Amino acid sequence: MRVPLLDLNEQYRFLAEPIRERIDKVLASQRFILGPNVEAFEQAICRFTGAPHAIGLSSGTDALLAILMAHEIGPGDAVITTPYSFFATAGCVARLGATPIFVDIDLATYNISSSELQRYIEKRCHTDSSGSLIDSEGRKIRAIIPVHLFGLCCEMDPIHTISERYNLDVIEDAAQAIGAQYRTKHMGLRKAGTMGEAGCFSFYPSKNLGAAGDAGMIVCRDEELAKRLRVIRQHGMEPRYHHQIIGGNFRLDEIQAAILDVKLPHLEEWSARRRAAADFYRDEFTGAGLTDRVTLPLEPYREHGLINHHIYHQYVIRTSQRDGVREHLTKKEIGTEIYYPVGLHLQKCFAYLGYKEGDFPEAERATRETLALPIYPEISREAQRYVVGAIAEFFG
Ligand SMILES: *Cc1c(COP(=O)(O)O)cnc(C)c1O
């Protein structure tokens with residue numbers, strides 16, 4: 001039996017007609033950049049997330065870049081984030097001439113560890129006379145980028161306590177977590193992207209809400225920030241051909257926005273199906289007596305009365321025999337992926353940052369032991385049984 005890591009065909013068959021209709025309308029209008037579809041989709045994202053403002057962008061990467069630009073983060077500045085994420089999270093910081101600072105993860109959730117964050121700040125930083133947080137190299141720490149990895153929100157309460165104490169902006173990388181929830185102490189029930197100053201989403205085709213190409217979004221609370229972002233996504237142009245600030249071409253296009261607008265109303269149903277598939281995996285792994293061989297995803301917010309306590313963008317297991325398991329599954333025509341095989345702190349392009357192996361033991365262990373299994377809303381129970389059966393076979 002062939003089980004791909006991700007199969008988008010059924011979703012497309014289900015929505016092909018309305019999607020084609022909307023694309024036809026865009027083609028008939030010959031309006032391709034920043035038109036009514038972008039506006040409609042931005043408003044739909046506001047309603048969906050509860051954020052007051054949403055700004056459509058060309059990708060999740062450009063969303064991160066634009067929000068950092070809006071905060072004028074650059075040389076002499078530093079931004080704290082996780083070493084266990086997709087490259088864009090730290091890449092955008094470095095592209096602006098600022099320094100990414102990594103803090104280890106919590107192996108149980110794969111998200112940045114708030115206790116490591118606290119420890120890093122206490123041990124390696126000081127505050128200057130103006131109250132700014134300064135690292136050991138004299139760089140001003142401006143922001144934290146928590147990444148809600150695999151569809152599970154970071155523990156935002158302790159992150160907020162730290163960000164408030166040290167006057168840091170919180171920019172959520174919610175690329176993998178659209179719709180995921182978290183119960184905050186002070187703001188109540190929240191969706192990913194709406195807990196910090198701003199949240200960034202990606203609509204890369206394989207994300208839970210995927211475009212037919214690249215697309216992204218920023219949501220934020222502050223109206224001035226939203227205005228600034230709209231200017232930055234158009235080369236910092238305001239009015240036409242007058243540039244007060246440096247921006248870029250970070251625009252979301254009409255066809256992508258139209259497609260996403262058709263898909264968004266189905267996202268909650270898709271998330272529910274992903275959660276049901278995760279529950280089924282758990283039952284099957286437990287039934288097969290495999291839970292001492294593989295570590296299943298932790299669900300720390302399951303009992304918090306949330307619907308989307310996890311949205312399972314990826315279903316990631318952990319085992320010390322990861323490479324053997326993967327090889328066996330490949331032989332059985334089961335798609336898997338390693339997110340991520342190398343920590344960001346050990347990437348060649350970041351050698352100049354001076355990190356070395358052993359700096360972040362939990363993140364490094366994750367890079368050696370995690371394996372993403374097939375998950376998508378339409379995955380069949382038969383396919384899942386086959387996956388778990390193949391893993392059981394490996395462990396014999
Ligand atoms: C996908 C992703 C991005 C980048 O989004 P793109 O739309 O591909 O540019 C950033 N951060 C994380 C965690 C991602 O998964």
Side-chain angles (χ1 to χ4, degrees), residues 5-6 8 38 41 45 54-69 79-96 100 102-103 105 109-112 143-154 156 159 170-180 192-193 195-196 198-219 229 233 248-253 255-257 259-260 263 274 310-316 337-345 347 349-350 363 366-367 370 372 375-376:
L5 182 68
L6 172 67
L8 292 168
V38 170
F41 181 56
I45 285 289
I55 301 96
L57 290 126
S58 34
S59 69
T61 303
D62 288 343
L64 286 163
L65 194 61
I67 188 69
L68 294 170
M69 288 172 81
V79 174
I80 300 176
T81 191
T82 167
Y84 189 59
S85 178
F86 179 60
F87 175 75
T89 311
C92 291
V93 175
R95 280 170 69 183
L96 292 171
F102 300 113
V103 163
I105 60 164
T109 62
Y110 306 118
N111 283 331
I112 193 166
I144 306 171
I145 307 182
V147 180
H148 308 308
L149 204 69
F150 305 144
L152 176 72
C153 284
C154 294
M156 293 304 288
I159 290 174
V170 174
I171 296 165
E172 299 172 66
D173 181 340
Q176 301 186 5
I178 188 160
M195 296 179 277
C200 299
F201 297 111
S202 163
F203 306 117
Y204 182 79
S206 66
K207 297 284 157 74
N208 285 23
L209 179 62
D214 282 305
M217 184 80 68
I218 297 175
V219 293
L229 286 164
R233 81 171 163 187
N249 175 356
F250 302 139
R251 296 175 301 237
L252 175 61
D253 76 69
I255 288 183
Q256 297 305 339
I259 293 169
L260 290 163
K263 286 188 170 191
R274 282 174 183 269
H310 200 316
I311 56 155
Y312 288 102
H313 171 58
Q314 299 294 346
Y315 190 88
V316 174
E337 190 51 271
I338 297 169
Y339 300 110
Y340 296 91
V342 181
L344 295 177
H345 63 297
Q347 296 289 351
C349 67
F350 287 148
T367 63
T370 54
I375 195 160
Y376 42 93

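Atoms within each ligand, like the ligands themselves, are counted from 1 in listed order. Below, all heavy atoms of this structure are taken into account, side chains as well, without hydrogens, waters or symmetry copies. Since we're looking at a predicted model, the values are computed, not measured. Residues: numbered from 1 along the sequence shown.
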Sub-4.0 Å atoms of ligand 1 with respect to non-hydrogen atoms of Val147: 13 (C)
Heavy atom of the protein closest to atom 15 (O) of ligand 1 (residue, atom name, distance): Gln176 NE2, 2.8 Å
- line: Logged contact type for Asp173 with ligand 1, heavy-atom cut-off 4.0 Å, is side chain
Heavy-atom pair of closest approach, residues Ile259 and Ala212: CD1-CB, 3.7 Å
- line: Heavy-atom nearest pair, Ala372 first then Gln314, reads CB-OE1, 3.9 Å
message: For atom 14 (C) of ligand 1, which of the options Lys207, His148, Gln314 provides the nearest non-hydrogen atom?
response: Lys207
message: Checking Phe250 now: which residues fulfil ring-ring contact (aromatic ring centres under 6.0 Å, His included) with it, not counting sequence neighbours?
response: none
- prompt: Ring centres of Phe41 and Phe203 under 6.0 Å apart?
  reply: yes
message: Closer than 4.0 Å to some heavy atom of Ser59 - which atoms of ligand 1 meet that?
response: 7 (O), 9 (O)
statement: Here the gap from Cys349 atom SG to Phe87 atom CZ, rounded to the nearest 0.5 Å, amounts to 4.0 Å
- prompt: Which ligand 1 atoms does Gly60 reach within 4.0 Å, using its non-hydrogen atoms?
  reply: 5 (O), 6 (P), 7 (O), 9 (O)
message: If I take atom CD1 from residue Ile255 and atom CG from residue Leu260, how far apart are they, to the nearest 0.5 angstrom?
response: 12.0 Å
- request: Provide, to 0.1 Å, the distance between atom 3 (C) of ligand 1 and the closest protein heavy atom, together with that atom's residue and name.
  value: Phe86 CD2, 3.6 Å
From Ser58, Ala175, Ser202, Ser85 - option closest to atom 8 (O) of ligand 1 by heavy atom: Ser202
field: Short N or O distance, Asp214 and ligand 1, threshold 3.5 Å exclusive
entry: no
- line: Shortest non-hydrogen pair, Gly193 vs Val219, comes out as O-CG2, 3.3 Å
task: Using distance alone, decide if ligand 1 has a nitrogen or oxygen within less than 3.5 Å of any nitrogen or oxygen in Phe203.
output: no
query: Parallel, tilted or perpendicular: which fits the ring planes of Tyr110 and Tyr84, with parallel below 30° and perpendicular above 60°?
result: tilted
- line: ligand 1 atoms nearer than 4.0 angstrom to some heavy atom of Thr61 are 4 (C), 5 (O), 6 (P), 9 (O)
